[in-house]
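Sequence lines set the chain letters: A, B, ... in the order given, protein chains first and strands last, and positions in each chain run from 1. Computed from a prediction, not measured in an experiment: that's the story for all the values here.
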Amino acid sequence: MGPGAVTKADRLAELYRAESARVVNLAYALTGDRALAEDLMQEAFLKVGSRLRRVAPDDFGAYLRTTVVNLARSHHRRTFVRRKHAGEVEHQHVTRQRIYEEGAGVSDTRDMLWRALQSLPARQREAVVCRFFMDMSEQETARTLGVGVGTVKSSVSRGLQALRGIVDVDEVQER
Amino acid sequence: MNTNIEDEVAVMLRERTADIPPVYEPSDELLRRTRKRRTRKLVGVNALGALMLAGAIAGVGSLASQPEDQVGVTSTEVPVQSCFPGVDAPATRPITDPRLASMELWTQGAEADAVFAPRGGICSLANNPEDTVSMSVAVEQGGNAGGVCILHMRSGTAERVLRECELPTSPADEHTRDGDDLVRFTLANGVVGATLTYGTEVMTVSCAQGGPIDAIACDAIVDDYIARNRRAITGTQTAPSTTPTSTPDAPFVVPTIGCGVEFGSGTVNYRDPQRDLAEHPVDYEWGETPPDLADFAAFTTDETHVMTVLGRSEWSCRAVEGASGGTSLDIGPADADAPVHLSVDWLPHGPGLALACQYFATPALVAEAGANGEQCIPSEAAGRTLIPSGDAVVYFDDPDGTHGIAVLQVEGELDPEDTISVLTCKPGVGLTVADCETIVGEWSSRNRSDAP
C-alpha cells in the first residue's frame, strides 16, 4: 500500500465522525439511556467495521442504523428476560397513571411524552422514532426495521395513538 | 401544547438529544481492532502471529486473559468435557490454534459432535433419536452470557437449524459461500457460524458473542469446527473464506396454483387455476440441504399470497373463509385427507383465541381468556411437543408425526388486526418427514413476525 492510500481504519474513522452522533441519537431515542446509546454505537461500529469492504459507501449509514436497531432490540430482549426471570415483568400498557407512578418528578408534558415513548412496544417505538425523529420515509423505516411498509404504517399509527392519548389528557387537565 | 403529536415527538426528541455532541472521535482502540480484524484470518495459518495479535488487543476477554507463559507456544492441551452427564471424556486434547488455549472441548464422543467453548460453560443436549444431534454451551461472565451451538442432522433444512439453535434471520444477514459444501454466515444480531452440507447431511456451528466469548473467540470456535469436520474432498480444508458474496443462491421457483375459496355465506368461488399460474419463489436462505422441489407447487388463495403453502403439484386444495373471518386452507390428494392444513384466525375472536391458547399463554391471551371465563393453558396432554422459538413462534411435533408451527401476531392488547396462524403437515401419503420440514420451513420463512 503506497503512501497516502486510504486504509480501512481511515475510512472507518471518517465514517465514525460522519455517522456516530446520528447513531447515538437513534440509540438514545430507542433505549432512553445515554450511556447505553454510546455503548451501542461503539458496538455497532465494531460490528460493521469488519464489513466495510462488503458495504457500499452509500449504504453504510443505513446498514449502521439497522445494526443499532438490532442491537437495541437485543438489549431489550436480554433486559426483558432478566426481569422476567426475576419476576419483575407485568403486562402493562402505556397509561397516564403508569407514567405518573413510574416517573415521580415528571415535570411537563414533554417529559411525560418521553416516558410514554420509552414505554411503547419496541416496534411502535422504533417506527415512531425512525419516522419523526430520524426523518425516514416509510420505505426507509421499513428497510431499517426489517419489516413491511404496512407494518410500519400500523406501528406508527398505534404508537402515535398511544402517545396522543397521553398528551390530550394532559392538555385537558392544563385548561 | 401543539396538538400535532408527530411534531411534538420530534421536538421532544430533539430537546432530549440536544446535548449529544455533533461529532464523536473514534477511539484508538476501535481503529486498532479494526486494523487487527483484517488480519485475523491469517491466525489459523500463523499461530505465533495469532498469539502476538492476541496480546496486542487490549480488553478482549478470552485472548487477553491468556497467561503470559503461553506466548510463543504453538501447541498445548486443553480440558475435554463430556456433555453426557456421568460419561467420562478424555482428560485433555492437544490443540494447535492458540485462540483455543483458554477454552475447553465439549464432546458427545464423536469428533463431529464436539465444540470448543471458553471454560466454565454449561452444556446441554437436545438429541432427536431420528437424526439430529444438537449441543449448546452457554458461558456467562459478569452477568453477560454468550453461547455456542452445534447441530448435526442426517437430513436438514434451514428451518430446523433455526429451530434447534434458536437463530433468528434477517435481510441484513450475511452469507458467504466457500465451495459447494461450506457457507459461513454472520447474522444481523452478531451471531456467526458456518454450515457444512454433504448430500442430505448438514452440520452447523453458531456462536453468539457475550461474556467471555468475543468476536475472535467466535471466529476460533467456528474455524476449528470447520477444520475438524470439513471433508478433504473439497481440497480447501484450511483455506479461510474469501469469497465476497453476501447473498444466497438464487431462490428455487415453483409454480403457483390457485385454490377455490368457499365463503361462509355459502357461495363458492372456484377459481381457474390456470389464471394463477406464476412463479412462486421459495427462498431458502442458507445452510440447508437443497430440497427437492421438482414436483412441488405453491397453493394460494389470492394474488396477495396471504395464504400460500407448498404441496405436491398434483394435489388439490380447498380454502374456506368463514363468515366470522377465520380462514383455512387444506392441501392434499383429491381422494384422501389433506395432510397439509393452514388455519388463520383473528383475535380476540373466540375460535382464534381457543386456537392460540393451544400454543401460547401470553399475558394478553390469558387476560382475554380469563375475561371469557376460560383458561389459556397450552396443552401437551395429547403428547404434543411444543418447542418455542421466541415469544411469538412455537414449533410442535405430535406423536403421529405431524409437524407444525404456530405464529402469533399480537402487539399489546388484542385487537382485530392480530392473528394466530397454525400450519400442520402430516407425513404419510406423498410426504416424507423431510417434505414436511420443507413445507413448514418455507411458510415459516415468510410468516415469522419476530425476525430482528
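With a threshold of 4.5 angstrom between heavy atoms, B/P22 approaches chain A through N, CA, C or O but not through any side-chain atom. Proximity to chain B is limited to the side chain of A/M41, based on heavy atoms less than 4.5 angstrom apart. For A/F133, the parts lying under 4.5 angstrom from a heavy atom of chain B are both the backbone and the side chain. Only the side chain of A/R34 comes within less than 4.5 Å of a heavy atom of chain B; its backbone N, CA, C and O stay farther away.
The distance from the CZ atom of A/F45 to the OG atom of B/S27 is 11.0 Å, given to the nearest 0.5 Å. How far CG of A/L160 is from CD of B/E8: 12.0 Å, rounded to the nearest 0.5 Å. Atom-to-atom distance recorded for B/Q209:CD and A/E43:CD is 7.5 Å, nearest 0.5 angstrom. A/D111 CG to B/E15 CD: the interatomic distance, rounded to the nearest 0.5 Å, is 9.0 Å. The line from CD of B/E6 to CZ of A/R164 is 6.0 Å long, rounded to the nearest 0.5 Å.
The environment of A/Q161 atom CD is sparse: at most 12 non-hydrogen atoms of other residues, nucleotides or ligands sit within 6.0 angstrom.
We find that B/R14 and A/D135 are joined by a salt bridge, their nearest charged nitrogen and carboxylate oxygen being less than 4.0 Å apart.
When side chains are defined from C-beta on, A/N25 does not count as touching B/L13, because their heavy atoms never get closer than 4.5 Å. Using a 4.5 Å cut-off on side-chain heavy atoms (C-beta onward), B/I5 and A/F132 make no contact.
In this model, a donor atom of one side chain and an acceptor atom of the other lie less than 3.5 Å apart for A/E38 and B/Y24.
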> Does the side-chain contact (heavy atoms from CB on, under 4.5 Å) test come out yes or no for B/T17 and A/V24, once each step is laid out?
Replying inline: CA-CA 9 Å; B/T17 56; A/V24 172; over 6 Å; no
